[in-house]
**Student:** 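I'd like to ask some things about the structure below.
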Amino acid sequence: MSDLVAPKGTFDVLPPDSARFLAVRETLTAPLRRAGYGYVETPVFEDTAVFARGVGESTDVVSKEMYSFTDKGGRSLTLRPELTAGLMRAFIEHRLYAGALPVKLWSVGSAFRYERPQAGRYRHFTQVDVEALGVDDPALDAELVALADQGYRDLGLTDYELQLTSLGDATCRPQYRELLTDFLSRLDLDEDTRRRAQINPLRVLDDKRPDVQAQLVDAPLMVDHLSDTTRAHYDAVRQHLTDLGVSWVEAPRLVRGLDYYTKTTFEFVHHRLGSQSGIGGGGRYDGLSAALGGPDVSGIGYAVGVDRTILAVQAEGLDIAVEPGVQAFVVPLGAQAKSLAVTIVGQLRAAGVSADTVYGDRGLKGAMKAADRSGAGQVVVIGDRDLAAGVGQLKTMATGEQVAVPLGELVDRVRATVLP
RNA sequence: GUGGGUGUAGCUCAGCUGGUAGAGCGCCAGGUUGUGAUCCUGGAUGUCGCGGGUUCAAGUCCCGUCACUCACCCCA
């Protein structure tokens with residue numbers, strides 16, 4: 001084998017599995033298009049400052065997981081570790097905030113983080129990203145959450161839950177943070193955790209270790225210390241979700257690793273995925289636009305991990321999008337028939353029928369085997385004997401029946417049989 | 001960054017206490033010089049992850065290394 005392999009933590013998506021990848025991406029994004037969200041593409045790399053200022057210097061993502069490099073012009077660029085900051089940068093750069101609000105956008109694409117690979121965690125992964133910018137309305141929070149949920153349900157997923165909480169805002173979070181810091185300072189924690197408590201005390205709350213959790217049972221929770229406006233916002237979001245028929249569980253210890261989240265915060269957790277169980281998540285962010293030099297507007301968004309969602313689909317045994325193959329196949333015998341076969345295949349395709357033929361030297365048996373594998377229901381066999389008679393043999397694979405059809409009528413006949 | 005497991009054919013894996021590499025599936029061909037999916041027969045494909053050591057002899061034992069994988073951490 002060659003010593004050239006896909007980089008650590010990356011993988012290739014190949015047929016037939018790639019059909020599942022396309023189908024999942026399509027199903028997850030269809031609800032967004034139905035809800036009036038517009039498609040956006042932004043660069044895969046951005047000025048490093050977009051993420052440093054947007055995602056937050058204190059986050060693990062920025063402080064140790066970014067693929068940053070200096071280009072030949074001396075610019076510091078970074079492969080995007082998530083899509084939200086780049087979309088927000090575009091929102092500001094093109095002054096979309098000056099138009100009708102909210103601005104509803106979606107995107108899908110690659111993101112990169114330098115992490116230790118694990119089940120469901122890759123250095124290159126694909127996210128569907130959705131943002132509704134410029135309006136702070138709990139109904140909009142609920143819409144986004146419901147759209148994410150709809151995507152999962154359309155895939156047939158059932159063994160997951162929506163975890164929901166509120167992270168407060170600029171007025172109540174600092175107060176709560178002090179309370180929590182004070183509480184944590186009295187606990188018996190290892191040095192790593194202590195350091196984490198200083199950088200972002202909220203993150204200690206979702207530590208998975210039992211001994212840590214045991215100490216946290218009496219920890220103060222953000223939801224108990226929300227300001228009146230934040231409380232009202234959160235209550236309204238939950239009421240809207242109920243009205244939309246979306247179920248959730250309260251997750252007062254839910255934390256997000258990105259600094260910009262405020263108020264509504266949520267995560268979809270799948271139950272059969274091992275430790276990387278979050279298949280999507282997001283929340284509202286009040287400070288992100290301003291942090292990137294834009295106007296002080298609020299926004300809400302979420303990201304769905306396409307790769308993890310595929311793992312969830314497989315874990316639930318949902319057989320999505322088996323490769324359909326082609327509808328028709330042409331088997332030529334001899335050089336003369338071969339050029340006719342190429343022509344017929346071209347005509348079939350132009351007529352909207354998916355079709356294929358054999359390439360390379362194959363005997364009839366091998367060619368029929370290829371026809372079988374192609375999934376074609378209708379197979380045209382043309383040999384010298386048929387050419388002399390001016391016909392092709394049209395075979396229905398399921399029944400084995402075969403009839404002679406005049407060459408001039410073959411394409412129409414196949415199309416009539418195959419297309420509704 | 002820390003810890004556990006695993007590396008043998010395209011895939012899934014077997015290979016006992018060291019004796020010179022196998023099965024099933026898949027692929028190709030023949031049986032059927034004009035017919036697939038079944039059946040029968042045959043064939044191709046391996047630096048046994050890599051490097052070093054012990055030994056007459058290493059897939060097997062020892063050391064190192066890399067990769068994959070799972071968990072912590074982190075998060076989609």
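So you know, we letter chains A, B, ... as the sequences are listed, proteins then strands, and number each from 1.
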**Student:** Please state the P separation for the pair B/G7 and B/A76 - nearest whole angstrom.
**Tutor:**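 To the nearest whole Å, 34 Å.
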
**Student:** Tell whether A/Arg308 reaches the base of B/C75 with its side chain through a donor-acceptor pair below 3.5 angstrom.
**Tutor:**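 Flag set: donor-acceptor pair detected.
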
**Student:** Of all heavy-atom pairs between A/Val330 and A/Ala341, which one has the smallest distance, and what is that distance?
**Tutor:**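 Taking every non-hydrogen atom into account, CG1-CB, 3.5 Å.
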
**Student:** Under 4.0 Å, counting only non-hydrogen atoms across every strand here, what does A/Asp207 touch: a base, just sugar-phosphate, or nothing?
**Tutor:**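 Sugar-phosphate, backbone atoms only, no base.
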
**Student:** Does A/Arg196 get its side chain close enough to the base of B/C74, under 3.5 Å, for a donor-acceptor pair?
**Tutor:**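 Side chain to base: no pair below 3.5 Å.
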
**Student:** Looking only at side-chain atoms of A/Ala119, point me to the closest of B/A71, B/C74, B/U35.
**Tutor:**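 So the nucleotide nearest the side chain must be B/A71.
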
**Student:** Does A/Gln393 contact B/U35 through a side-chain donor or acceptor facing the base, at a distance under 3.5 Å?
**Tutor:**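 No, the side chain and the base share no sub-3.5 Å donor-acceptor pair.
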
**Student:** Has A/Arg80 got its NZ or CZ under 6.0 Å from the middle of the six-membered ring of A/Phe45, at an angle within 45 degrees of the ring axis?
**Tutor:**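 No, A/Arg80 and A/Phe45 do not form such a contact.
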
**Student:** Quick check on salt bridge (charged side-chain N to carboxylate O under 4.0 Å, His left out): which of A/Asp169, A/Asp136, A/Asp137 does A/Lys263 satisfy it with?
**Tutor:**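 For A/Lys263, the salt bridge (charged side-chain N to carboxylate O under 4.0 Å, His left out) test succeeds with only one of A/Asp169, A/Asp136, A/Asp137, which is A/Asp136.
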
**Student:** State whether the number of non-hydrogen atoms from other residues, nucleotides or ligands found under 6.0 Å of A/Glu93 atom CD is greater than 12.
**Tutor:**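 For A/Glu93, atom CD is crowded (more than 12 foreign heavy atoms under 6.0 Å).
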
**Student:** Between B/C16 and B/C39, how far apart are the C1' atoms? Round to whole Å, please.
**Tutor:**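 The same atom, C1', in both gives a distance of 36 Å.
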
**Student:** Establish, with yes or no, whether the OP1 or OP2 oxygen of B/A71 is under 4.0 angstrom from a side-chain nitrogen or oxygen of A/Arg116.
**Tutor:**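 A/Arg116 to B/A71 OP1/OP2: no side-chain N or O under 4.0 Å.
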
**Student:** Hey, are A/Asp149 and A/Arg153 close enough for a salt bridge, meaning a charged N less than 4.0 Å from a carboxylate O?
**Tutor:**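 Yes, this pair counts.
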
**Student:** Heavy atoms under 4.0 Å, any strand shown: does A/Gly282 hit a base, just sugar-phosphate, or nothing?
**Tutor:**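 Counting heavy atoms under 4.0 Å across all strands, no contact is made by A/Gly282.
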
**Student:** Base, sugar-phosphate, or nothing: which does A/Gly274 touch, judged by heavy atoms less than 4.0 Å apart?
**Tutor:**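 Result for A/Gly274 = sugar-phosphate.
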
**Student:** Quick one: does A/Gln276 reach the base of B/A71 with a side-chain donor-acceptor pair under 3.5 Å?
**Tutor:**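 When only heavy-atom distances are counted, A/Gln276 does not reach the base of B/A71 through any donor-acceptor pair under 3.5 Å.
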
**Student:** Using a heavy-atom cut-off of under 4.0 Å over every strand shown, decide if A/Tyr302 touches base, sugar-phosphate, or nothing.
**Tutor:**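 Result for A/Tyr302 = nothing.
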
**Student:** For the side chain of A/Leu364, counting heavy atoms from C-beta on, which of B/C75, B/A37, B/G34 is nearest?
**Tutor:**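 Out of B/C75, B/A37, B/G34, the nucleotide with an atom closest to A/Leu364's side chain is B/G34.
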
**Student:** Give the rounded distance in Å between these two atoms: CD of A/Glu115 and P of B/C75.
**Tutor:**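 These atoms are roughly 8 Å apart.
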
**Student:** So, is A/Arg121 close to the B/C73 phosphate, meaning a side-chain N or O under 4.0 Å from OP1 or OP2?
**Tutor:**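 A/Arg121 to B/C73 OP1/OP2: no side-chain N or O under 4.0 Å.
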
**Student:** Quick one: label A/Glu267 by what it contacts on the DNA or RNA (base, sugar-phosphate, nothing), any heavy atom closer than 4.0 Å.
**Tutor:**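 Contact class for A/Glu267: none.
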
**Student:** Without swapping roles, check the side chain of A/Thr48 against the backbone of A/Ser76 for a donor-acceptor pair under 3.5 Å.
**Tutor:**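 Yes: the side chain of A/Thr48 pairs with the backbone of A/Ser76.
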
**Student:** Let me know, please, whether A/Thr396 or A/Lys365 comes out on the 5' side of the other along RNA chain B by nearest nucleotide.
**Tutor:**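 Of the two residues, A/Lys365 wins.
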
**Student:** Look at the side chain of A/Asp384 and the base of B/G34, then say whether one donor and one acceptor between them are separated by less than 3.5 Å.
**Tutor:**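 No, no donor-acceptor pair under 3.5 Å.
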
**Student:** When the aromatic ring centroids of A/Trp106 and A/Tyr39 are compared, is their separation below 6.0 Å?
**Tutor:**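 Ring centroids of A/Trp106 and A/Tyr39 are less than 6.0 Å from each other.
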
**Student:** With a non-hydrogen cut-off below 4.0 angstrom, is A/Lys64 in contact with a base, only sugar-phosphate, or nothing?
**Tutor:**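 The answer is nothing, as A/Lys64 stays clear of every strand by at least 4.0 Å.
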
**Student:** The side chain of A/Arg373 is closest to which nucleotide in this list: B/U2, B/C75, B/C28?
**Tutor:**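 Looking only at heavy atoms from C-beta outward on A/Arg373, the closest nucleotide is B/C28.
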
**Student:** Roughly, in whole Å, what's the span from CG in A/Asp60 to P in B/G1?
**Tutor:**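 Taking atom P of B/G1 as the reference, CG of A/Asp60 is at 14 Å.
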
**Student:** Quick one: stems involving RNA chain B, counted as three or more successive Watson-Crick or G-U pairs, both distances short of 3.5 Å.
**Tutor:**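 Detected stem regions: B:1-7 with B:66-72, B:10-13 with B:22-25, B:27-31 with B:39-43, B:49-53 with B:61-65.
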
**Student:** Rounded to whole angstrom units, what separation is found between the CG atom of A/Asp206 and the P atom of B/C73?
**Tutor:**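 Taking atom P of B/C73 as the reference, CG of A/Asp206 is at 8 Å.
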
**Student:** Starting at the 5' end of RNA chain B and moving along, which residue's nearest nucleotide shows up first, A/Gly363 or A/Met397?
**Tutor:**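 Checking each residue's closest nucleotide, the 5'-ward one belongs to A/Gly363.
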
**Student:** Between B/C72 and A/Gln118, is there an OP1 or OP2 to side-chain N/O distance shorter than 4.0 Å?
**Tutor:**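 True: A/Gln118 side-chain N/O within range (under 4.0 Å) of B/C72 OP1/OP2.
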
**Student:** Does A/Arg53 make a cation-pi contact with A/Phe51, if we ask for NZ or CZ under 6.0 Å from the ring centre and within 45° of the axis?
**Tutor:**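 Here A/Arg53 fails the 6.0 Å and 45° test against A/Phe51.
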
**Student:** At under 4.0 Å, does any side-chain N or O of A/Thr309 touch on OP1 or OP2 of B/A76?
**Tutor:**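 Looking at the OP1 and OP2 atoms of B/A76, neither is under 4.0 Å from any side-chain N or O of A/Thr309.
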
